[in-house]
Amino acid sequence: MHLNHNAEALDKIRHSLSHILAWAVRVHFKEQPIRLGIGPTTEEGFYYDFETEKPISNSDLKSLESLMRKLVAKNLPFERSSMTISHAIEYFTQQDALLKVELIEDLRERGETEVSIYTVGDFLDLCAGPHVENTKEIPIKGFSLDRVAGAYWRGNEKNQMLSRVYGLAFPSHEALEAYRKQREDAEKYDHRKIGKEQDLFVISKEVGKGLPLLTAKGATIRRVLERYIVDEELERGYQHVNTPVLGRKSLYVTSGHWEHYKDSIYPPLDIDGEEFILRPMTCPHHFMLFDSKPHSYRDLPIRYAEVSPMYRRERSGELSGLVRVMGFHLFDAHLFVTPEQVEKEIKDVVVLIQDVIKRLGLADQVWYRLSLRDDTKEKYIDMPTRWQEAEAILRKVADELALNYVEGVGHAAFYGPKLDIQMRTIGGKEETLFTNQIDFASAERFDLKYMASDNTTARPIIIHRSSAGCIERTIAFLLEHYRGALPTWLAPVQVALLPVNDRNNAYAEEIHQLLRKHKLRIEVDSRKESLNQKIRQARLQRIPYLVVIGDKEQEGRTVTVRNRDSGIQQSMPCETFVERLTAENENGTLMLEIARSE
RNA sequence: GCCGACGUAGCUCAAUUGGCAGAGCAACGGAUUUGUAAUCCGUAGGUUAGGGGUUCGAUUCCCCUCGUCGGCUCCA
């Protein structure tokens, strides 16, 4: 109750600050006409959009901010009043506030007859409120202007671009500083930084932006993930197949992707007069595998899985590290099922996903989104009852498995609703980690069929699903979540062997070979460096276990082990170490005693 | 793609109003044989992202291209 009250109060403060910002912009740029867009609150503050002759730049922020402080310090009341719609349109038209007029006209269409207006000082704005009663409620050191960015009017890229000024606002100066500190810390664990520090991947301008190159270490993480997922899927009745990244454009015309997805597909390659494209998804290839022979209902479900390479065209400003790339690999599958099987198969898919995210240690990090279509948009195929059926199944399964899900209207695929697995990057941005879809349409388009038990021809329902997203994005998320310290089974180097002295090198090598036989990943640091130096560097590389090998160990045929996070060390016979490490590597659990000291 | 910011040695960062481009770490050479987060000394390293312009003189000012970052749009 108290918390809610505080949240409401903070929201009023932020909202009020957006008005103050708009007022300050008016005053600051008084020589040029400014049209106001909208000014809502955000999770960490507020923003306001402005249409200006010249875009607002970062250098304006400082003076805008101090101007805002002066305005706030005047202890002015926020006063609410109302206008009839027609009066408001007349008034704002006269003020040349055409963006506001557009908003008011929308309100009129929705049947409103009056609009509310808030005035602070001599600044008047159309606004639903609520606001603080007086600017003295605003903590004068609790806010600051953060950055400027471009934003399309009403979020539509066909509209003009406005200047958006973002501000931070918190209940106190301390809270603002705490937020800044948190953001600074998060930067340290950005996967792009970790990737560089730990030598996991490289983005080369020469190869091309959005086309990351994995180093041996990065490739190791990928290989381990891949082996784990593939084994897991094989165990659950998936067939792993391989299909090419190139395919005839006509396949994608048939699937509807060409029509709906053209902007994300690279221009076709002309090969002997035939048009081929780099595939943006795998579906048609798997469909053709399915279609290569007749099927009986007894064969279903058929589950084709693949770690699929695919390419999607992105506009340059959208690329980001491993999270947003032009070429990537999806843990992909298409399930061909009968109507009776859909529910169970979807459920099994979700159970698989739950197992996977648990193994990856992400169970508390991700959430589900039931992505539904937006009736007002045209991009969705027009089969209303099919949509309802698919949605009902997803909802039922989500409820039965007690998934914690939100609904996302307008996030569906064009051919069906999705169950998405969502996460947040360390920078706070929400991303889809992966997605599952029920597809009632494609079988029809590709004339896919099976013989039903009643001797009629039937259409399979297709489930598009991913068990662990695309490798690149999943690795990025893992790196950020674990702050670069991947669990042992995923770590590219699991053990650093650190001989104290030259004369311990042979024994270190012996242990190295022993561990290698057990498929463990080892690095031996036999450089002529101090032990301190070797430990420091192994820790910076976040190698899970550091094993010191000196005369004592050599004599007793033991090893002295410590983990990367604690200084606590423990000596044990090398056989014991191998046993424990092998167990940890295989099932993802932690070594007992040492793990506890973490 | 659009708006804004940024691009200096392999990495992290300096360089006064336009006046000889520098440090730490890494690399390399030498010494040190080290017991739980940096041993010491030395050497080398640059078309200041690329191209053009202004200027006696440009890392610094202007323009273009490329790339990076934050947003918008799109999206796995």
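Letters go in sequence order (proteins before strands), and every chain restarts at 1. Below, all heavy atoms of this structure are taken into account, side chains as well, without hydrogens, waters or symmetry copies. Please read all numbers here as calculations on a predicted model, not as lab measurements.
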(request) With a 4.0 Å heavy-atom cut-off, tell me which residues in residues 154-168 of chain A come close to RNA chain B, sorted by residue number. (result) A/G155, A/E157, A/M161, A/R164, A/Y166

My understanding is that only residues two or more places apart in sequence, or in another chain, count here; which of them pass side chain to side chain contact (heavy atoms under 4.5 Å, CB included) with [X]?
| X | result |
| --- | --- |
| A/L546 | A/A496, A/L498, A/I535, A/A538, A/R539, A/I543, A/R562 |
| A/M161 | A/Y152 |
| A/P267 | A/R313 |
| A/H15 | A/S18, A/H19, A/T41, A/C127, A/H131 |

(message) List the residues meeting ring-ring contact (aromatic ring centres under 6.0 Å, His included) with A/F414, not counting sequence neighbours, and say none if there are none.
(response)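 ring-ring contact (aromatic ring centres under 6.0 Å, His included) list for A/F414, sorted by chain: A/H257, A/H260.
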
(request) Report yes or no: is the ring centroid of A/F434 under 5.5 Å from the six-membered base ring centroid of B/A76, with the two planes under 30 degrees? (result) no

(request) In whole angstrom, give the distance that lies between atom CZ of A/R279 and atom P of B/A76. (result)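 Nearest whole value for this atom pair: 16 Å.
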
(request) Provide, to the nearest angstrom, the distance between the CG atom belonging to A/L540 and the C1' atom belonging to B/A38. (result) 9 Å

(request) Applying salt bridge (Lys or Arg N to Asp or Glu O under 4.0 Å), name anything that partners A/E157, two or more places apart in sequence or on another chain. (result) A/R315

(message) Could you work out, with salt bridge (Lys or Arg N to Asp or Glu O under 4.0 Å) as the rule, every residue matching A/R483, not counting sequence neighbours?
(response) none

(message) With nearest nucleotide decided by heavy atoms, which residue, A/G317 or A/V325, maps closer to the 5′ end of RNA chain B?
(response)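 Closest to the 5' end, via its nearest nucleotide, is A/G317.
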
Verify the contact: side-chain N or O of [X] to OP1 or OP2 of [N], cut-off strictly under 4.0 Å; return yes or no.
| X | N | value |
| --- | --- | --- |
| A/Q533 | B/U39 | yes |
| A/T435 | B/A76 | no |
| A/K205 | B/G7 | no |

Polar atom pairs between nucleotides 4-6 of chain B and protein, under 3.5 Å, N or O only, would you list them?
unit_1	atom_1	unit_2	atom_2	d
B/G4	O2'	A/N58	OD1	3.0

Tell whether [X] reaches the base of [N] with its side chain through a donor-acceptor pair below 3.5 angstrom.
| X | N | value |
| --- | --- | --- |
| A/Y152 | B/G1 | yes |
| A/Q537 | B/A26 | no |
| A/R192 | B/U68 | no |

(request) Would you write the dot-bracket representation of RNA chain B, where each base gets (, ), [, ], | or . depending on whether it forms a Watson-Crick or G-U pair under 3.5 Å and with which partner? (result) (((((((..((((.....[..)))).(((((.......))))).....(((((..]....))))))))))))....

Just the table, please: protein N/O against nucleotides 34-36 of chain B N/O, every pair under 3.5 Å.
unit_1	atom_1	unit_2	atom_2	d
B/U34	O2'	A/L531	N	3.4
B/U34	O4	A/K528	O	3.3
B/G35	O6	A/D551	N	2.7
B/G35	O6	A/K552	N	3.1
B/G35	N1	A/E553	OE1	2.8
B/G35	N2	A/E553	OE1	3.2
B/G35	N2	A/E553	OE2	2.5
B/U36	O2'	A/R562	NH1	2.9
B/U36	O2	A/R562	NH1	2.9
B/U36	N3	A/Q569	OE1	3.4
B/U36	O4	A/Q569	OE1	2.8

(request) Could you run through nucleotides 41-47 of chain B and give me one letter per nucleotide, 5' to 3': B if any protein heavy atom sits under 4.0 Å from the base, S if only the sugar-phosphate is that close, - if neither? (result) -------

(request) Start with the C-alpha distance between A/E306 and A/R279, add both sets of side-chain angles, then the distance that settles salt bridge (Lys or Arg N to Asp or Glu O under 4.0 Å), and finish with yes or no. (result) CA-CA 14 Å; A/E306 181 171 358; A/R279 69 174 174 201; 3.4 Å; yes

(request) Write down the distance separating the P atoms in B/G45 and B/G10, rounded off to the nearest Å. (result) 12 Å

